[in-house]
There are 2 protein chains.
Amino acid sequence: MSDKGIMVAKSKTEKFTQEESRLADIAKALSHPARIKILKILAEMNVCMCGEIVELLPLAQATVSQHLKELKRVRLIQGEIEGPKTCYCINTDSIIEAYKQLQNYFEAINKECKRTCKTNKK
Amino acid sequence: MSDKGIMVAKSKTEKFTQEESRLADIAKALSHPARIKILKILAEMNVCMCGEIVELLPLAQATVSQHLKELKRVRLIQGEIEGPKTCYCINTDSIIEAYKQLQNYFEAINKECKRTCKTNKK
DNA sequence: TTTCTTTATCGTATAATTACGATGAGCGAT
DNA sequence: ATCGCTCATCGTAATTATACGATAAAGAAA
């Protein structure tokens, strides 16, 4: 309930609340099947080298690296360099936080719908 | 559990499972703060004219109409013409279905993480 | 040091998204 | 039929996303 209604004026994120922008940002990170799959892979493998992920996806290494970067941007994953390789893993805290945001959003919508849609049947 | 692992060969949606593509598609629909806000507005108002939504958003009518179209595309909302106006409302069934998809996805990830991340702390 | 491996980044091409003014289609009212 | 209102669509511009080959950086192995 922290920032309901507070407007932020960040250059591009303009006239929406922080909550709205954060939710949209999480959704954006999940808006490509490759990134959906990467998160699933990382959850299953716990820790995974970039190269392994590349092998599991129908995309070039450079492209996968870009997708990983996008997931890192919103903190859903983290990577640390281990010698020449990079080990990626899920950022559990952020995943949980993102999930909570989504849950709050959908629960609020469902509750509102139940409250208002008493007679709305055509 | 319907289509795990089944590949679809739709021209663009290419080499990902239907589940992955559907999830990404839902996320894409939610990947803009304006659309996040529109759903919230519709949940609160139950039914809403396009013009009302336009007034509540910092965007031009044409732009809002585009966002509404995107939400319609993934069935999260529906609109019906009433005279010169168009009444929009949430498609409750689809919202619930989308929410379930997201829940399944996140729950699976969290479960896998718990299973595999026994020693992974640094 | 040189070579190999791994991965991030650069450059670039193409496509999709976002935004808005202008136009048009449809309906109600005059 | 004409006018006014509402909204979708068109045309267009600017930005962002997606994809990949090529290159660079950096540790490992020789």
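In what follows, chains carry the letters A, B, and so on, assigned in the order in which the sequence lines appear, proteins first and then strands, with residues in each chain numbered from 1.
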Do A:Gln66 side-chain and C:dA8 base share a donor-acceptor contact under 3.5 Å?
no
Take atom NZ of B:Lys72 as the centre, draw a 6.0 Å sphere, and report whether it contains more than 12 heavy atoms from other residues, nucleotides or ligands.
yes
Please give, in whole Å, the distance from C:dT18 P to B:Leu57 CG?
14 Å
Under 4.5 Å between any side-chain heavy atoms of A:Leu59 and A:His67, yes or no?
yes
Please state how far atom CD in A:Glu82 lies from atom P in C:dT5, giving the value in whole angstrom units.
20 Å
Which atom names give the shortest non-hydrogen contact between B:Cys89 and B:Val47, and what distance separates them?
CB-CG2, 3.8 Å
How many Å lie between NE2 on A:His67 and C1' on D:dT18, as a whole number?
6 Å
Would you say B:Glu82 and B:Met49 make side-chain contact, with heavy atoms under 4.5 Å?
no
Taking atom P of C:dA16 as reference, at what distance in whole Å does atom NE2 of A:His32 sit?
11 Å
Give a yes or no on whether a donor-acceptor pair under 3.5 Å exists between the nucleobase atoms of C:dA8, that is its base, and the side chain of A:Gln61.
yes
Whole Å only: how far is the NZ atom of A:Lys69 from the P atom of D:dA19?
16 Å
Compare the minimum distances between each of D:dA28, C:dT7, D:dC20 and the side chain of A:Pro84, then state the nucleotide with the smallest one.
D:dA28
Please figure out whether B:Thr63 or A:Ala60 has its closest DNA chain D nucleotide nearer the 5' end.
B:Thr63
Output the rounded distance in Å from CD (A:Glu52) to C1' (C:dT7).
13 Å
Measure CD1/B:Ile38 against C1'/D:dC7 and give the value in whole Å, please.
14 Å
Rounded distance in Å - CG (B:Leu68) to P (D:dC7)
10 Å
Side-chain atoms of B:Ala62 come closest, of C:dA8, C:dC20, C:dT18, to C:dC20
D:dA17 phosphate, OP1 or OP2, under 4.0 Å from A:Lys28 side-chain N/O:
yes
Want to settle it: does B:Ser65 or A:Arg35 sit nearer the 5' end of DNA chain D, counting the closest nucleotide to each?
B:Ser65
